[in-house]
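Below is one structure; the comments refer to it alone.
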Number of protein chains: 2
Amino acid sequence: MLPAKRRARILEVLRAEQMVSLKDLSEALGISISTVRRDVDYLEEAGYLSRTHGGAISTARASTTFEPEAAIALAIESAAKAAIGAAAAQLIQPGQSVLFDSGTTTAAAARAAAGLTIPFTAMTNDVMIASCLSQNALVQTSVTGGTIRSGTTTLLGADAVNSVARLRADIAFVGTHAITPDVLSDTSLELADLKRRFLAAADRVILLVDSSKFFNRAFCAFGETSAVDLLLTDSRISADATAALKDRGIELRMVDIAP
Amino acid sequence: MLPAKRRARILEVLRAEQMVSLKDLSEALGISISTVRRDVDYLEEAGYLSRTHGGAISTARASTTFEPEAAIALAIESAAKAAIGAAAAQLIQPGQSVLFDSGTTTAAAARAAAGLTIPFTAMTNDVMIASCLSQNALVQTSVTGGTIRSGTTTLLGADAVNSVARLRADIAFVGTHAITPDVLSDTSLELADLKRRFLAAADRVILLVDSSKFFNRAFCAFGETSAVDLLLTDSRISADATAALKDRGIELRMVDIAP
DNA sequence: GAGGCATTTTGAACTATTTTGGTAGATGTT
DNA sequence: AACATCTACCAAAATAGTTCAAAATGCCTC
């Protein structure tokens, strides 16, 4: 394992546990105490954590922005999404047609899907997801058309809506900005309009949401949770949220993010 | 595999994974550790990533916003194309609608156009060009839709053709794989079909060709040189080629590049 | 175009450096 | 005092740097 990755995982554990012993870290990561000690010393020097006798504790400013190693921060933030994405990709069967909504979590699914060795057909309204999937020669990748929201990679507008509206797909991977026990919502009318089409166009709607989205509400509702066939999230979801969703009969699957 | 392609793929992997070991890259791309090391060192020197022991980490601030400009810079890797692209961008007037064909030379034009401070509307069948242009909030960027040729960023097929067919644009920047004094040609039927639509859809067709394309012939003709309103090329074009084109009354403009 | 020469690129072998995991004694904690 | 943790050091492993021959590419002449 790469030193940088190892350190990122140490911080990840620390964020979840608040404090952890070197011995536990050594066992959890499968590396020697000596290496853990060196890594923790390095991270203390860089200001990511504080040392105690026999362990480390997370510093308060760990959640704010830190400059020196942006990659570490990114790794932590995207760990949940990457895990959800990987689980999502596993659901694709050979020959199926798959819709990929635009978004960071669905992008993680696309990355994982691009690594599969099975053929399938994909359509997306995100140019980044498109170029990612098209790297794999087994994946027939189509793009919806439409107009790009400036500064993003998302295609919206009438062309995008029409492209999706005339499709019938096996699976749709859909993301959402916010979710309550009953309602999915996002930030703009155009986005909501398109997501509504995604929900309608697929036999099986799989919602990809990391645990930070529960339970919030955004400007525009685009569907009900009952329209979701499977909800993929990470294990940091609260017990309350789990219970509320199960009450409504929503199939829920959690992916573990602690190593 | 082409060095530029290889480096682009390394960056692609890095964007997805945040950090990778050289060993993994070597296995994933099927090339030796030595070559990976050289590529990664080169990319570090150019500022696309940073090195760690045994691997590389992404320097991109946000892992989700991939950097089309960087990708384009890698794809172009030619002073002639960059110069032609810069000259092309200068031709855009405020408020015009502009079509960008897929290709490395037109990508250079898109890159330069994204740096302009005037508003215009753009449509393209290349997802890399699209995401590059969309970085500029003054540019309203649309994408044709269609299916991606595996390993490229080009959208083709009926959707792409239909999107272009119903347009009327002020300018079309079109590239070509080969050019003779009379005929423009490219490598596949699908490509040719779409380029034909580009020629028909714009009031002013501007052909962007670096001097290496004279005079060659590719598999599929898609138009005549007489359909071209302005031909932009570099100063390495031969005198013979210049004469032959001028004989046919084609307006020709050369951009200076170092010999 | 075809063939031959120069240049660049690639992959492998080898050496130098860094990193890792273990050990022993010193230091700190309960 | 008993135990755990820390520091310092060492050998083994992994990685970086260097060099070189083979392969690929570009270039020129015919």
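Residue numbers begin at 1 in each chain, while the letters A, B, ... track the order of the sequences.
- A distance-only check finds a donor-acceptor pair linking the side chain of Ser26(B) to the backbone of Ile31(B) [under 3.5 Å].
- Contact annotation: the side chain of Leu116(A) approaches that of Ile92(A) to within less than 4.5 Å [non-hydrogen atoms, C-beta and beyond].
- In this entry the distance linking CG of Leu25(A) with P of dT5(D) reads 12 Å, nearest Å.
- Under the 3.5 Å distance criterion, the side-chain polar atoms of Arg38(B) are left unmatched by any main-chain donor or acceptor of Tyr42(B).
- The CG atom of Leu29(B) sits 14 Å away from the C1' atom of dT10(C) (whole-angstrom rounding).
- Remark: side-chain polar atoms of Thr106(B) are paired, donor with acceptor, to backbone N or O of Asp101(B) under 3.5 angstrom.
- Side-chain atoms of Thr141(B) do not come within 3.5 Å of backbone N or O of Ile148(A) as any donor-acceptor pair.
- The 12-atom threshold is not exceeded at NZ of Lys5(A), counting heavy atoms of other residues, nucleotides or ligands nearer than 6.0 Å.
- In this structure, Arg236(B) atom CZ and dG26(D) atom P are separated by 14 Å, rounded to whole Å.
- For Met1(A), the CE atom is densely surrounded, since the number of other residues' heavy atoms within 6.0 Å is greater than 12.
- One axis for each end of the helix from dG1(C)-dC30(D) to dT30(C)-dA1(D), each built from five base pairs, and the angle between them comes to 50° at 10° resolution.
- Note: CD (Glu44(A)) to C1' (dC6(D)) measures 13 Å, nearest angstrom.
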Per-nt protein contacts along nucleotides 8-16 of chain D (heavy atom under 4.0 Å; B base, S backbone sugar-phosphate only, - none) come out as -------SB

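- Computed from coordinates, the Tyr42(B) OH to dT9(C) C1' distance equals 14 Å when rounded to whole Å.
- The stretch residues 223-235 of chain B participates, sequence neighbours left out, in no salt bridge (charged side-chain N to carboxylate O under 4.0 Å, His left out) pair at all.
- Atom CD in Glu27(A) sits roughly 14 Å away from atom P in dG21(C) (whole-Å rounding).
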